Number of protein chains: 2
Amino acid sequence: MARRRTIGVLSRETGVKVTTIRYYETIGLIDDPGRTESGQRVYGTDAVDRLGFIRHARDLGFSMEAIQELIALQTKPGSACTAVDAIARRQLAAVRERLNRLEALEAELKRMLTTCEGGTVGTCTVMESLTDHRHCTQPHGTDRSASVIPNRENG
Amino acid sequence: MARRRTIGVLSRETGVKVTTIRYYETIGLIDDPGRTESGQRVYGTDAVDRLGFIRHARDLGFSMEAIQELIALQTKPGSACTAVDAIARRQLAAVRERLNRLEALEAELKRMLTTCEGGTVGTCTVMESLTDHRHCTQPHGTDRSASVIPNRENG
DNA sequence: CCTTGCTTCTACAGCGGCTGTAGGGGTTAG
DNA sequence: CTAACCCCTACAGCCGCTGTAGAAGCAAGG
């Protein structure tokens with residue numbers, strides 16, 4: 001008698017938090033599985049696979065929207081591969097763009113730090129670099145898309 | 001008679017949106033400037049400088065928290081440069097970590113795409129790579145910090 | 001002076017992708 | 001039986017903004 005795969009068991013199995021699994025259900029990424037009489041969710045192996053898929057795609061930086069598309073494609077395996085390919089290519093392009101930006105940032109941060117010789121904030125070249133925005137790596141304007149800012153620095 | 005530097009003027013001058021300027025005020029990144037009798041904000045050149053500083057730091061990926069710290073340091077120019085240095089070093093380290101991750105992602109996405117020879121989703125290697133999470137670039141676990149996900153894909 | 005059309009004001013809801021909390025009930029090991 | 005844990009729903013909060021609504025201010029033209 002294997003124990004029922006409740007949401008907690010599934011969570012441990014996949015490394016996806018309980019609350020996150022429920023969240024995925026509310027946004028339609030995974031189906032409402034069967035329930036016990038008392039209303040507890042009971043999952044099958046398909047849920048494990050699906051969560052693994054989602055997790056991996058998230059690790060690769062795919063947006064939830066893209067993952068939705070991929071799952072939709074997955075469920076009709078006869079359709080052409082080109083759609084999947086397109087999504088992956090889009091993602092690769094996005095990754096490359098972010099790579100370029102990050103490389104530029106790294107260079108500027110490095111430059112800032114190497115010229116600093118210690119002293120007070122008043123004479124700090126790091127501070128100067130930040131204040132003097134004429135060194136900006138980007139043209140000024142309202143376009144701040146694709147900025148590289150961290151998120152989810154949680155544990 | 002130069003026109004008063006209202007929030008809209010400041011916005012055009014700095015490329016920071018009106019709403020964003022007000023937001024920065026609410027979170028304490030910039031001070032409430034003087035107001036006209038009717039309650040409109042009127043800014044001085046200091047606000048232009050401050051916003052330029054914030055913008056540049058944001059472009060470099062500094063978090064709002066870090067920027068808060070930097071501004072606090074900026075306002076007491078006699079303090080030691082080491083604090084500024086530390087913040088910048090932290091940021092550089094974060095950027096490098098994200099660079100590493102992104103490079104790994106790029107490699108995996110490239111690999112996925114090059115092995116795909118077209119056909120149907122059922123035989124798609126891209127899909128396979130995503131499904132077979134044993135290729136995962138990261139050990140499974142609950143730690144999903146520093147994941148590289150885009151945000152603010154706005155215009 | 002009045003209108004037109006822009007700007008500014010406040011206050012609050014929404015984005016993505018979750019996480020955390022409150023307040024309850026279910027289940028299981030000792 | 002009880003303690004410890006699990007699960008349920010529903011909703012608020014996180015960041016860094018953006019967008020909306022509805023009201024009031026302001027500059028220029030007639």
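When reading the values below, keep in mind they use all heavy atoms of this one structure, side chains included, and skip hydrogens, waters and symmetry mates. Since we're looking at a predicted model, the values are computed, not measured. Naming: A, B, ... by sequence-line order, numbering from 1 per chain.
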Please determine if a side-chain N or O atom of [X] lies less than 4.0 Å away from the OP1 or OP2 oxygen of [N].
X	N	value
B/Tyr24	D/dC17	yes
A/Arg41	D/dC7	no
A/Ser63	C/dG16	no
B/Thr20	D/dG16	no
A/Thr6	D/dC7	yes

Between atom [atom1] in [X] and atom [atom2] in [N], what is the gap in whole Å?
X	N	atom1	atom2	value
A/Ile21	C/dG17	CD1	P	18 Å
B/Ile27	C/dA11	CD1	P	17 Å
A/Arg5	D/dC6	CZ	P	17 Å
A/Glu25	D/dC8	CD	C1'	12 Å
B/Ile7	C/dT7	CD1	P	13 Å
B/Arg55	D/dG16	CZ	P	16 Å
A/Gln68	C/dG17	CD	P	10 Å
A/Asp32	D/dC7	CG	C1'	14 Å

Could you see if B/Tyr23 belongs to whatever hydrophobic cluster contains B/Leu10? Use Ile, Leu, Val, Met, Phe, Trp, Tyr and a side-chain cutoff under 4.5 Å.
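The answer is yes; both residues are in one hydrophobic cluster.
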Can you sort out the partners of A/Ala94 under side chain to side chain contact (heavy atoms under 4.5 Å, CB included), two or more places apart, ordered by chain and number?
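If we apply the side chain to side chain contact (heavy atoms under 4.5 Å, CB included) test to A/Ala94, skipping adjacent residues, the hits are A/Arg98.
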Partners meeting side chain to side chain contact (heavy atoms under 4.5 Å, CB included) with B/Thr114 (sequence neighbours left out)
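Counting only residues at least two positions away or on another chain, B/Thr114 forms no side chain to side chain contact (heavy atoms under 4.5 Å, CB included).
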Check: A/Pro33 and A/Val42 side chains under 4.5 Å, non-hydrogen atoms
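Counting from C-beta outward, A/Val42 and A/Pro33 never come under 4.5 Å.
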Between B/Tyr43 and B/Arg4, is there a side-chain heavy-atom distance shorter than 4.5 Å?
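They are not in contact (no side-chain heavy atoms under 4.5 Å apart), so the answer is no.
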Choosing from [options], which nucleotide comes nearest the side chain of [X]?
X	options	answer
A/Val18	D/dC7, C/dG17, D/dC17	D/dC7
B/Tyr23	C/dC18, D/dC17, C/dT8	D/dC17
A/Arg35	C/dC18, D/dT9, D/dG16	D/dT9

What does the B/S/- profile of nucleotides 19-29 of chain D look like, 5' to 3', with a 4.0 Å heavy-atom cutoff to protein?
------SS---
Between B/Arg58 and B/Ile67, what is the shortest heavy-atom contact and its length?
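The answer is CD-CD1, 3.4 Å.
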Atom pair CZ (A/Arg111) and CD (A/Glu108), whose distance is rounded to the nearest 0.5 Å
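Those atoms lie 5.0 Å apart.
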